[in-house]
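Index from 1, following the sequence. In each ligand, atom 1 is the first atom listed, and ligand 1 is the first ligand listed. Predicted, not measured: the structure shown is a model, and the values here were computed from it.
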Amino acid sequence: MELQPQVLISEAEIAQRINELGKQISNDYRQKKLTIICILKGAIVFIADLLRKIDLDIDLQFIHTASYYDKTYSSGEVKFVNEFFTEIEGKDILIVDDILDSGLTLYQIREKILSMNPSSLRICVLLNKQSRRIKDVEADYVGFNIPNEFVVGYGMDYNGRYRGLSHISIIKR
Ligand code: IMP
Ligand code: MG
């Protein structure tokens with residue numbers, strides 16, 4: 001796998017879009033107490049930036065999942081490595097993840113949270129690969145729609161590499 005030299009989404013483009021998402025989320029939850037559940041590890045850079053653009057007090061929580069990836073394709077099995085949250089019942093929950101790809105991960109997380117009776121549940125993802133969807137799950141807030149390519153950077157990795165890039169690039173065989 002080789003990192004493509006072209007930038008798919010630049011640092012400036014990401015920053016501008018996160019500004020917009022932050023404003024939208026702030027407006028939508030103005031009268032509420034928002035609880036964000038961030039999916040580790042890929043969404044850490046996104047949540048760090050998004051949090052600073054949301055003009056509300058937020059209860060920030062985490063779930064650590066791992067999909068068993070066969071190179072760049074999800075096996076469909078999602079493992080809950082750790083859960084760092086409590087008290088979902090009656091809360092307004094926003095799940096924040098890096099990419100909505102096949103939907104297998106967010107489908108299982110959504111089912112799990114819904115079983116705990118939140119008052120509301122929405123999903124926010126930085127990237128959406130619509131053409132790869134297997135499970136019926138859509139995000140309420142989407143940063144960018146991207147083609148069916150494996151991407152890295154801005155928190156997203158390939159085999160543990162490239163998470164620290166400030167922009168998003170494609171990695172190819
Ligand atoms: P899904 O279960 O297939 O929707 O995949 C969800 C998870 O797989 C995402 O939260 C990412 O962590 C990871 N993933 C999917 N596509 C990519 C990619 O292009 N680059 C890096 N990670 C990815
Ligand atoms: Mg992930």
Side-chain angles (χ1 to χ4, degrees), residues 1-11 13-15 17-18 21 25 35-51 58 60-85 88 93-115 118 121-173:
M1 294 292 272
E2 231 175 280
L3 186 65
Q4 304 299 292
Q6 306 91 329
V7 170
L8 179 67
I9 308 172
S10 72
E11 194 174 354
E13 287 170 317
I14 297 170
R17 186 69 188 115
I18 289 181
L21 287 174
I25 292 168
T35 298
I36 287 182
I37 298 181
C38 170
I39 315 301
L40 297 173
K41 298 182 244 178
I44 51 160
V45 181
F46 179 37
I47 192 61
D49 283 345
L50 182 64
L51 203 60
I58 288 159
L60 180 61
Q61 309 206 22
F62 296 93
I63 302 180
H64 186 185
T65 59
S67 340
Y68 293 104
Y69 261 79
D70 171 22
K71 303 273 191 258
T72 57
Y73 285 94
S74 178
S75 66
E77 212 183 317
V78 178
K79 180 181 165 202
F80 287 83
V81 180
N82 230 321
E83 295 163 31
F84 306 100
F85 63 84
I88 297 299
I93 307 289
L94 180 64
I95 298 173
V96 173
D97 203 359
D98 52 358
I99 305 192
L100 180 49
D101 188 27
S102 69
L104 291 161
T105 306
L106 279 173
Y107 182 84
Q108 289 185 46
I109 291 171
R110 186 181 64 183
E111 292 302 296
K112 194 180 178 84
I113 307 276
L114 281 177
S115 73
L121 179 59
R122 286 186 180 171
I123 294 173
C124 171
V125 293
L126 180 63
L127 307 177
N128 179 39
K129 284 192 222 170
Q130 194 69 40
S131 64
R132 293 253 307 148
R133 200 80 82 252
I134 293 170
K135 283 286 188 183
D136 181 19
V137 41
E138 296 306 328
D140 302 279
Y141 304 96
V142 173
F144 302 90
N145 286 296
I146 61 163
N148 179 15
E149 302 279 4
F150 200 82
V151 296
V152 291
Y154 199 72
M156 292 164 282
D157 73 310
Y158 171 70
N159 275 348
R161 298 187 64 198
Y162 310 114
R163 263 192 221 284
L165 291 178
S166 303
H167 58 268
I168 295 169
S169 278
I170 293 171
I171 189 164
K172 269 195 177 149
R173 219 169 294 278

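Polar contact with ligand 1: absent for Met156 (N/O pair, distance under 3.5 Å). Annotation: Phe150 places no N or O atom under 3.5 Å from an N or O atom of ligand 1; distance criterion only. Backbone and side-chain nitrogen or oxygen atoms of Asp157 are examined, and none is located within less than 3.5 angstrom of a nitrogen or oxygen of ligand 1.
Taking a 4.0 Å cut-off on heavy atoms, Gly42 fails to register as neighbouring ligand 1. Taking a 4.0 Å cut-off on heavy atoms, Glu149 registers as neighbouring ligand 1. Residue Leu106 places every heavy atom at 4.0 Å or more from ligand 1. For Val151, the heavy-atom gap to ligand 1 drops under 4.0 angstrom. Between Lys129 and ligand 1 there is a heavy-atom distance shorter than 4.0 Å.
The closest donor-acceptor contact from the side chain of Lys129 to the backbone of Glu149 lies under 3.5 Å.
Taking a cut-off of under 4.0 Å to the non-hydrogen atoms of Leu104, the atoms of ligand 1 that pass are 2 (O), 4 (O). When each atom of ligand 1 is checked for a heavy atom of Ser102 under 4.0 Å away, the hits are 1 (P), 2 (O), 3 (O), 4 (O).
Smallest separation of non-hydrogen atoms from Val45 and Tyr154: CG1-CE1, 3.5 Å.
Counting non-hydrogen atoms of neighbouring residues, nucleotides and ligands closer than 6.0 angstrom, the CD atom of Gln4 exceeds 12 such neighbours.
At a heavy-atom cutoff of 4.0 Å, ligand 1 is contacted by the side chain of Asp97 but not by its backbone.
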